[in-house]
Amino acid sequence: MTNRGGIITGWGGYLPAGVVTNHDLAKTMDTTDEWIRNRTGISERRWSDMGPAALGVEAAKIALDMAGCGPQDIDLLVFATCSPEYILPGSSAIVQHSLGLTCGAFDLGAACSGFTYSLVAAHGLLNMGMNRILVIGSEQLSRIIDKTDRNTAILFGDGAGAVVLEACEGEGELLGFDLGVDGSAVNILYTRHDEITHMDGKEVFRRAVRAMVSSANLALERAKLTMDDIDWVIPHQANRRISEAAVSRLNWPMERTSATVETNGNTSAASIPLALVAELDAGHIKAGDHVLMCGFGAGMTWASAVLRWGGVTREGGHGAAAYAAELPS
Ligand code: UT7
């Protein structure tokens, strides 16, 4: 890592109205609440009429407000989604205009790994001189699934999470990362233009656990840390059984692992930022804590990041300027 890093100074999550419970689904397809909860850990998800741009705008407003940023203060918007409104332009253009930003903006498509990919890319751009970057993960997956198909409808939901990343002198919060893709696995999870999502769930499950564990270990190694140094794990919220299988292979307890999948379902690029927001707001992550994010998605992509939390809380706390001087030794 270089000597100009980043620190997250604002965050926000947005879950739309439109809760769909397992019981609701059981009325329209051959499934049960018990089966879904046992096999996935999911009890409900949101299906919304709002597109990813509108969802992302709501999450971003909260994050910008918390960071004390006006539209002119943001140097770049990175928008992670796999359910964009259009083939062109990117949803980021809609968000840029809605928020009144004056900066550049681009979509980043790495499926469920998209937020972590974006966070890492944003750190690189801070290092090249940008000062504040808005990173959003947002999805309207309900639009790209067959809502009567029990193979996919039970899993996927809508939502958005956002962070403001601010440059600071020194290492910053990101200590190590791993980004990967195995393009030979495109056919196990894909959505063609104007079609619904196709998924070989069993194969995704099998590869997901392997990918998350090896990617998490690589990110830890690059951060020069081990699981003994970690305080909180945020896996991609796809299926509670996938999280359990992955963290048990990392010798890590579920008690210190995010499990927002129960109420959010799988929100793809929004799942990690929504879980991060939930843990921060619950006070589970404190100054100096090491946080491991690890995920996987269509591609098949995977992405992990190790952060050392800088101590910003919703009530205030250390800003980016203070961060470098206050790094825990
Ligand atoms: O972000 C990445 C996105 N994708 C994922 O992460 C998906 C990863 N995969 C999974 O989460 C799981 O594979 C699923 C939840 C999709 C399926 O769970 P599973 O434990 O792998 O179930 P299965 O496909 O092996 O099916 C077991 C049984 C089958 O019946 P038989 O053949 O044993 O009689 C299925 O037909 O369960 C049946 N089944 C269902 N029953 C009730 C499959 N889906 C359902 C359902 N409700 N929704």
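The first residue in the sequence is number 1, and the count goes up from there. Remember, it's 1-based here, ligands and their atoms both numbered in the order they're listed.
In summary, Glu221 and Lys224 do not engage in a salt bridge, as defined by a charged side-chain N under 4.0 Å from a carboxylate O. Taking a cutoff of 4.0 Å between a charged side-chain nitrogen and a carboxylate oxygen, Arg308 and Glu173 do not qualify as a salt bridge. Comment: Asp65 does not engage Lys61 in a salt bridge, judged by the lack of any side-chain N to carboxylate O separation of less than 4.0 angstrom.
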For this session: Show your reasoning for whether side-chain hydrogen bond (donor to acceptor under 3.5 Å, both in side chains) applies to Asn217 and Ser214.
Result: CA-CA 5 Å; Asn217 280 327; Ser214 63; over 6 Å; no
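Nearest to atom 23 (P) of ligand 1 by heavy atom, out of Gln237, Arg207, Glu34, Lys202, is Lys202. Proximity annotation for atom 28 (C) of ligand 1: of Phe156, Phe205, Trp35, Phe296, Trp35 comes nearest, heavy atoms only.
Remark: ligand 1 atoms within the under-4.0 Å shell around heavy atoms of Arg39 are 19 (P), 20 (O), 22 (O), 27 (C). Of all atoms in ligand 1, listed by their number and element, those nearer than 4.0 Å to a heavy atom of Ile242 are 6 (O), 8 (C). Below 4.0 Å from some heavy atom of Asp30 lie the following atoms of ligand 1, by number and element: 42 (C), 47 (N). Applying the 4.0 Å criterion to heavy atoms of Ile154 picks out, from ligand 1, the atoms 48 (N).
Remark: distances from the non-hydrogen atoms of Arg241 to ligand 1 include one below 4.0 Å. Cys112 counts as a contact of ligand 1, since one of its heavy atoms falls under 4.0 Å from the ligand.
Using a 4.5 Å cut-off on side-chain heavy atoms (C-beta onward), His236 and Ser113 make no contact. Between Ile144 and Ile196, the closest side-chain pair of non-hydrogen atoms is not below 4.5 Å.
Ring planes of Tyr190 and His198: parallel class, angle under 30° (limits at 30 and 60°).
Among all protein heavy atoms, the one lying closest to atom 6 (O) of ligand 1 is Ala238 CB, 3.4 Å. Ranking the protein heavy atoms by distance from atom 36 (O) of ligand 1 puts Arg150 NH2, 2.9 Å first. For atom 47 (N) of ligand 1, the nearest protein heavy atom (residue, atom name, distance) is Thr31 OG1, 2.6 Å. Among all non-hydrogen protein atoms, the one lying nearest atom 14 (C) of ligand 1 is Asn239 ND2, 4.6 Å. Nearest non-hydrogen protein atom to atom 3 (C) of ligand 1 is Asn266 ND2, 3.5 Å. Closest protein heavy atom to atom 7 (C) of ligand 1: Met199 SD, 3.6 Å. Protein heavy atom closest to atom 5 (C) of ligand 1, with residue, atom name and distance, is Val204 CG1, 3.7 Å. Regarding atom 9 (N) of ligand 1, its nearest protein heavy-atom neighbour is Gly201 O, 2.9 Å.
Proximity of atom 11 (O) of ligand 1 to the protein is indicated by at least one non-hydrogen atom lying closer than 4.0 angstrom. Taking a distance limit of 4.0 Å, we find that atom 32 (O) of ligand 1 is approached by no protein heavy atom. Atom 20 (O) of ligand 1 is flagged as protein-proximal [any protein heavy atom, distance under 4.0 Å].
Distance check: Leu307 CG to Leu276 CG gives 7.5 Å after rounding to the nearest 0.5 Å. Taken to the nearest 0.5 Å, the CH2 atom of Trp309 stands 10.5 Å off from the CG atom of Asp289.
Between the side chains of Ser142 and Asp158, a donor-acceptor pair is found at a separation under 3.5 Å. Judged purely by distance below 3.5 Å, without hydrogens or angles, the side chains of Thr81 and Glu139 pair a donor atom with an acceptor atom. Side-chain contact check for Thr267 and Asn264: no donor-acceptor pair (N or O, by modelled atom type) lies under 3.5 Å.
With a 4.0 Å cut-off on non-hydrogen atoms, Thr40 touches ligand 1 through its side chain and not its backbone. At a 4.0 Å heavy-atom cut-off, ligand 1 does not touch Met29 at all.
The shortest N or O to N or O distance between His236 and ligand 1 is under 3.5 Å.
Summarising the geometry of Ile8 relative to Val312, their closest heavy-atom pair is O-CG2, 3.6 Å, with the distance given to 0.1 Å.
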